Amino acid sequence: MLTDTRSRQVVLKTPAQIKQMRVPGQLVGETLAELREMSRPGLSLAELDRYVLDKFERLGATPTFLGYHGFPHAICASLNEQIVHGFATERRLEDGDILSIDLGATIDGWVGDSAITFGIGTISADAERLLRATEESLYAGIDAARVPVRKGDIGAAIQEVLESAGYGVVRGYVGHGVGREMHEAPNMPNHGRRGAGMRMRPGMVLALEPMATIGNPATTVLDDGWTVCTKDGSLSAHFEHTIAIREDGPADILTLAD
Ligand code: MG
Ligand code: MG
């Protein structure tokens with residue numbers, strides 16, 4: 001999701017706070033894995049949303065997206081040419097669809113934010129390749145996020161994987177800092193120039209979230225005011241993890257299932 005975080009301060013988290021952030025993070029990772037497992041032709045997006053609402057209610061977790069600037073669902077469910085912020089409608093999954101599910105959880109005031117894209121039934125080789133490259137670009141960004149590193153290095157690492165595979169990099173929607181709020185400073189674009197931008201510091205917690213397109217990365221928003229699609233109707237994919245930058249070594253991924 002997008003908000004303008006440019007004017008805000010970067011809030012560094014202590015190791016104890018990062019440990020707390022792992023709690024909503026793990027719930028998000030675990031729940032996304034379950035949603036993927038459940039997803040099959042005939043199941044509706046609304047049923048996936050209902051699963052999350054029920055599970056979170058049982059566990060006392062808050063679905064972060066529900067009501068966020070009026071967003072009406074717990075999950076963002078974005079199909080095929082939809083990139084992000086899709087509605088969890090009564091639309092039923094069909095063989096060959098690719099589905100992005102983005103999910104946020106808030107527990108004890110801390111937010112975890114993650115997204116996956118996967119195929120329903122049998123998908124085309126082109127779609128399969130897009131999914132693999134987009135996930136790979138996320139891990140390239142995560143791998144780059146170790147000090148000393150600048151913001152541009154992380155964006156460049158993501159961009160290089162996607163562009164070398166021939167994909168478009170969505171520019172208008174970006175990753176972000178995350179903590180007590182879902183969208184904190186800094187914005188984390190999925191493109192960048194090596195050596196440029198702010199120095200990233202230990203204690204920064206970031207949601208990296210590459211969005212890639214098979215065709216042109218220009219976007220348009222549906223009449224619902226939320227669903228972001230490719231203008232040319234080409235397929236897109238989206239992967240996201242919440243990570244914490246450490247004193248040394250690789251970033252800590254907070255949204256793994258366990
Ligand atoms: Mg997200
Ligand atoms: Mg996010």
Side-chain angles (χ1 to χ4, degrees), residues 1-6 8 10-11 13 21-22 24-36 45 48-49 52 56 61-79 82-88 98-107 110-118 131 134-135 137-139 141-142 145 151 154-155 158 169-191 204-212 219 226-228 236-245 251 253-257:
M1 292 200 175
L2 178 77
T3 53
D4 190 348
T5 60
R6 279 172 298 190
R8 296 199 232 145
V10 174
V11 182
K13 279 76 181 180
M21 290 189 70
R22 202 182 282 284
Q26 279 186 2
L27 175 63
V28 167
E30 171 195 299
T31 305
L32 285 174
E34 289 164 358
L35 294 170
R36 178 183 188 144
L45 302 175
L48 294 170
D49 199 54
V52 173
F56 279 24
T62 303
T64 315
F65 301 172
L66 183 64
Y68 184 86
H69 294 281
F71 189 79
H73 305 286
I75 60 170
C76 296
S78 308
L79 281 165
Q82 299 174 354
I83 304 167
V84 287
H85 308 168
F87 280 10
I98 64 171
L99 174 63
S100 154
I101 301 180
D102 195 344
L103 176 64
T106 307
I107 298 177
W110 296 102
V111 176
D113 184 12
S114 181
I116 54 173
T117 307
F118 53 91
L131 299 186
T134 310
E135 185 168 26
S137 77
L138 170 60
Y139 281 94
I142 293 170
K151 183 160 136 171
I154 297 173
I158 293 169
V169 177
V170 173
R171 305 289 174 118
Y173 300 86
V174 297
H176 49 91
V178 55
R180 290 273 183 202
E181 289 181 76
M182 176 160 59
H183 293 119
E184 297 185 355
N187 279 344
M188 293 299 298
N190 296 304
H191 65 279
M204 282 185 174
V205 179
L206 308 167
L208 300 185
E209 49 181 315
M211 289 153 249
T219 62
W226 281 97
T227 310
V228 180
S236 74
H238 174 218
F239 284 84
E240 176 180 29
H241 269 309
T242 298
I243 66 167
I245 295 186
I253 303 176
L254 305 182
T255 41
L256 294 174

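Because the structure is a prediction, the values reported are computed rather than measured. Counting starts at 1 for both ligands and their atoms, in listed order.
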request  = Looking only at N, O or S atoms, find the one in E240 nearest to the Mg ion (ligand 1) and name it.
outcome  = OE1
request  = Say whether, by atom type as modelled, one donor and one acceptor occur between the side chain of K151 and the main chain of P189 under 3.5 angstrom.
outcome  = no
ask   = Relative to the Mg ion (ligand 1), which of the N, O or S atoms in D102 is the closest?
value = OD1
task = Taking atom types as modelled, find out whether T106 and T64 have a side-chain donor-acceptor pair closer than 3.5 angstrom.
result = yes
request  = Check whether the side chains of H238 and T117 place a donor and an acceptor atom closer than 3.5 Å, and report yes or no.
outcome  = no
query = Does N190 use its side chain to pair, donor to acceptor, with the backbone of V174 at less than 3.5 Å?
reply = no
key: Metal site angle (apex the Mg ion (ligand 2)), NE2 from H176 and OE2 from E209, 10 degrees   = 90°
task = Identify, by name, the N, O or S atom of D113 lying closest to the Mg ion (ligand 1).
result = OD1
